[in-house]
Peer 1: 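Questions regarding the structure given below will be posed in turn.
Below, chain A is the first sequence line, B the second, and so on; all start at residue 1. The basis for the numbers below is simple: all heavy atoms, side chains too, and nothing from hydrogens, waters or symmetry mates.
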Protein chains: 2
Amino acid sequence: MTRRVNELILRRLPRYMFLPRHFKTEGMDNVSAMYLSVDTGIHPSQIRKDLGLVGFQGMPKSGHHVNEAINNIEELLNWRDNRVAFLAGVGSLGRALLNYNNFSNTGLQIVAAFDINEDLHGTEINEIKIFPLSRFADLAKRMHINVGIITTPRDQAQSVADLMIENGVSGIWNFSRIKLRAPENVIIENIDLYEDLGFSLAD
Amino acid sequence: MTRRVNELILRRLPRYMFLPRHFKTEGMDNVSAMYLSVDTGIHPSQIRKDLGLVGFQGMPKSGHHVNEAINNIEELLNWRDNRVAFLAGVGSLGRALLNYNNFSNTGLQIVAAFDINEDLHGTEINEIKIFPLSRFADLAKRMHINVGIITTPRDQAQSVADLMIENGVSGIWNFSRIKLRAPENVIIENIDLYEDLGFSLAD
DNA sequence: TAGATTGTTAATCGATTAACAATC
DNA sequence: TAGATTGTTAATCGATTAACAATC
């Protein structure tokens with residue numbers, strides 16, 4: 001174990017898997033680092049090193065087995081387990097995520113949403129019910145929640161996070177653009193869509 | 001000009017702006033690198049260096065003017081101009097983006113959508129009309145399109161990109177997870193939501 | 001076998017952090 | 001003035017790329 005498997009590697013791994021998935025449907029059995037490189041733009045050395053670090057060996061001359069690549073990476077990323085998410089904050093972004101809810105090949109599904117706006121309580125978006133936050137604890141207990149998604153405004157993000165953590169969430173996707181305080185054992189994934197969508201087209 | 005303003009810096013810049021926006025509403029006039037650091041988790045040296053690189057100076061002791069920070073960064077990122085986007089590929093992701101269409105403080109708005117599915121033609125999502133691709137050239141000419149958003153499957157992404165480029169698009173947000181060929185002067189921003197949303201919760 | 005592709009080590013490159021004199 | 005914060009240079013750190021012997 002020369003180096004910790006860090007975030008940068010984890011971010012590249014899905015790309016090493018989606019492409020083999022595609023190859024699989026085309027009936028290919030093996031794929032080489034070079035082949036992956038052409039389509040992803042990632043350097044072949046990088047790919048070999050990444051795959052090595054996650055403990056997945058290829059064979060000289062023939063490369064990596066497509067099926068193994070898919071299986072190993074899915075397992076490492078925990079995409080094979082079904083996990084259940086609650087979303088808090090049904091604004092325009094929350095609404096978009098509820099409508100999307102298409103993380104299916106990652107094993108994740110949003111099953112309930114929460115908001116302080118009373119008008120929303122009892123309504124549904126994409127068949128996902130919206131509840132008051134007072135129901136959170138109760139429902140979390142019943143549904144064995146794994147993941148919390150925070151799409152509230154800044155000023156409510158921390159208290160919602162606390163609530164989620166109290167009720168057994170082990171990972172949080174934080175869209176709120178504020179730095180959350182949380183115990184060590186809770187994984188906080190900060191996501192800023194503007195980094196992806198807003199920054200470009202300068203110059 | 002010691003170093004090119006690269007992607008990493010551009011990705012951090014929005015964070016230097018959203019926070020001052022927040023401070024502004026709270027009536028603060030100045031903000032220091034240290035202050036920004038606490039909330040963003042970015043190292044103060046990094047912040048000073050980034051702001052310096054984009055040509056925006058602060059003042060010893062008092063820091064940076066909030067208003068100037070916002071203005072300078074918005075200008076640099078081209079968020080002050082109104083720009084118009086066409087979206088191609090109304091699948092679940094395309095649909096989610098159409099419903100969201102809330103990039104308003106970046107100056108970008110999706111104004112038309114395209115799909116090969118005839119059932120969708122003439123329908124609307126979030127008041128955005130869906131057209132056949134054959135109407136693309138015609139509409140692009142009329143509406144002075146700036147940005148193309150590709151949410152098609154892999155195998156259609158390149159031909160859609162070609163169509164967009166032919167019709168004057170200067171930047172493309174590519175969600176298709178394939179590497180697009182394009183002339184130098186067209187900016188391709190590759191976005192893989194799975195990098196953000198799918199990778200986490202390993203370990 | 002010959003050649004392609006691997007895993008791995010060493011070299012390079014670039015980004016982040018530390019340190020500090022300058023200054024409002 | 002004294003102290004906080006700047007811009008910038010130097011030091012560190014880590015990621016990416018190059019190179020190559022090993023091998024199917």
Side-chain angles (χ1 to χ4, degrees), chain A residues 1-16 19-20 23 28-70 72-73 76 179 190 195 199, chain B residues 1-17 19-20 23 28-70 72-73 76 179 190 195 199 202:
Chain A
M1 201 182 306
T2 51
R3 194 169 44 148
R4 228 184 96 49
V5 174
N6 64 16
E7 184 180 313
L8 282 171
I9 298 176
L10 289 175
R11 283 178 181 276
R12 282 191 295 262
L13 286 177
R15 299 214 262 161
Y16 301 151
L19 204 52
F23 289 154
M28 292 167 69
D29 286 335
N30 293 290
V31 62
S32 71
M34 187 125 66
Y35 215 118
L36 286 168
S37 170
V38 170
D39 235 6
T40 60
I42 299 172
H43 196 282
S45 274
Q46 186 84 269
I47 294 173
R48 288 203 290 276
K49 191 171 259 186
D50 286 347
L51 292 180
L53 272 169
V54 303
F56 169 39
Q57 313 254 346
M59 289 200 299
K61 179 147 183 177
S62 56
H64 298 260
H65 282 296
V66 163
N67 280 328
E68 264 185 59
I70 297 169
N72 285 25
I73 295 172
L76 189 104
K179 202 177 161 193
N190 296 301
E195 280 186 18
F199 94 83
Chain B
M1 205 182 305
T2 52
R3 193 168 43 149
R4 225 184 97 51
V5 175
N6 65 15
E7 185 180 312
L8 282 172
I9 297 176
L10 289 176
R11 284 179 179 276
R12 283 192 295 264
L13 286 177
R15 299 215 262 160
Y16 302 150
M17 181 181 53
L19 204 53
F23 289 155
M28 292 167 69
D29 286 336
N30 293 291
V31 62
S32 72
M34 185 127 65
Y35 215 119
L36 286 169
S37 170
V38 170
D39 234 8
T40 60
I42 300 171
H43 195 282
S45 274
Q46 186 83 269
I47 294 173
R48 288 203 289 276
K49 193 172 258 188
D50 286 347
L51 293 180
L53 272 169
V54 303
F56 169 39
Q57 314 253 346
M59 288 200 298
K61 178 147 184 175
S62 57
H64 298 261
H65 282 296
V66 163
N67 279 329
E68 264 185 60
I70 297 170
N72 283 24
I73 295 172
L76 190 103
K179 201 176 159 196
N190 295 301
E195 281 187 18
F199 95 84

Peer 1: For the pair made of CD1 in A:I47 and P in C:dT8, what is the distance, rounded to whole Å?
Peer 2: 16 Å
Peer 1: With respect to the phosphate group of C:dT16, does any side-chain polar atom (N or O) of B:R12 fall under 4.0 Å of OP1 or OP2?
Peer 2: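 It does, given that an N or O in the side chain of B:R12 lies less than 4.0 Å from OP1 or OP2 of C:dT16.
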Peer 1: May I ask you to test the A:V31-A:L36 pair for a side-chain heavy-atom distance under 4.5 Å?
Peer 2: yes
Peer 1: Nearest 0.5 Å please: distance from the CG atom of A:L76 over to the CG atom of A:L13.
Peer 2: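 Reported value, rounded in 0.5 Å steps: 6.0 Å.
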Peer 1: Between the side chains of A:N30 and A:H65, does any donor sit under 3.5 Å from an acceptor?
Peer 2: yes
Peer 1: Reading DNA chain D from 5' onward, which residue's closest nucleotide shows up sooner: B:S32 or A:S62?
Peer 2: B:S32
Peer 1: Within this structure, what is the CG-to-P distance between A:N30 and C:dT5, rounded to whole angstrom?
Peer 2: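 Going from CG in A:N30 over to P in C:dT5 covers 11 Å.
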Peer 1: Would you mind reading off the distance between A:Q46 atom CD and D:dT16 atom C1', rounded to a whole angstrom?
Peer 2: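 Rounded to whole Å, this separation is 6 Å.
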Peer 1: May I have the distance from B:L36 (atom CG) to D:dG7 (atom P), rounded to whole angstrom?
Peer 2: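 Rounded to the whole Å, the gap is 12 Å.
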Peer 1: Side chains of B:I9 and B:L53, heavy atoms from C-beta outward: is any pair under 4.5 Å?
Peer 2: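 When only atoms from C-beta onward are counted, B:L53 and B:I9 do touch, with a gap below 4.5 Å.
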Peer 1: Check whether any side-chain heavy atom of A:H64 sits under 4.5 Å from a side-chain heavy atom of A:Y16, and report yes or no.
Peer 2: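 With C-beta onward as the side chain, the pair stays apart.
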Peer 1: What do you reckon, is CE of A:M28 surrounded by more than 12 foreign heavy atoms closer than 6.0 Å?
Peer 2: yes
Peer 1: Whole Å only: how far is the NZ atom of A:K61 from the C1' atom of D:dA21?
Peer 2: 18 Å
Peer 1: Grab the CD1-P distance between A:I42 and D:dT16 for me, whole Å please.
Peer 2: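 It is 9 Å, rounded to the nearest whole Å.
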Peer 1: Describe the nucleic acid contact of B:S45 in one word from base, sugar-phosphate, nothing, applying a heavy-atom distance below 4.0 Å.
Peer 2: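 The answer is base, as B:S45 lies within the cut-off (heavy atoms under 4.0 Å) of a base atom.
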Peer 1: NE2 of B:H65 versus C1' of D:dT5: gap in Å, rounded?
Peer 2: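 So the NE2-C1' distance, B:H65 to D:dT5, works out to 14 Å.
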Peer 1: Taking only the side-chain nitrogens and oxygens of B:R48, find out if one of them lies under 4.0 Å from OP1 or OP2 of D:dG7.
Peer 2: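 The answer is no; no side-chain N or O of B:R48 sits under 4.0 Å from OP1 or OP2.
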Peer 1: Nearest to the B:L8 side chain among C:dA15, C:dC24, D:dG7, which nucleotide is it?
Peer 2: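 Of C:dA15, C:dC24, D:dG7, C:dA15 is nearest to the side chain of B:L8.
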Peer 1: Specify the separation, in whole Å, of atom NZ of B:K49 and atom P of C:dG14.
Peer 2: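 Roughly 14 Å, once rounded to whole Å.
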Peer 1: Dot-bracket for DNA chain C, 5' to 3', counting Watson-Crick or G-U wobble pairs under 3.5 Å, with [ ] for crossing pairs and | for inter-strand pairs?
Peer 2: ..||||||||||||||||||||||
Peer 1: Could you tell me whether A:G52 contacts a base, only the sugar-phosphate backbone, or nothing, with contacts defined as non-hydrogen atoms closer than 4.0 Å?
Peer 2: nothing
Peer 1: Rounded at 0.5 Å granularity, tell me how far CD1 in A:I42 sits from CZ in A:R15.
Peer 2: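 The CD1 atom of A:I42 sits 4.0 Å away from the CZ atom of A:R15.
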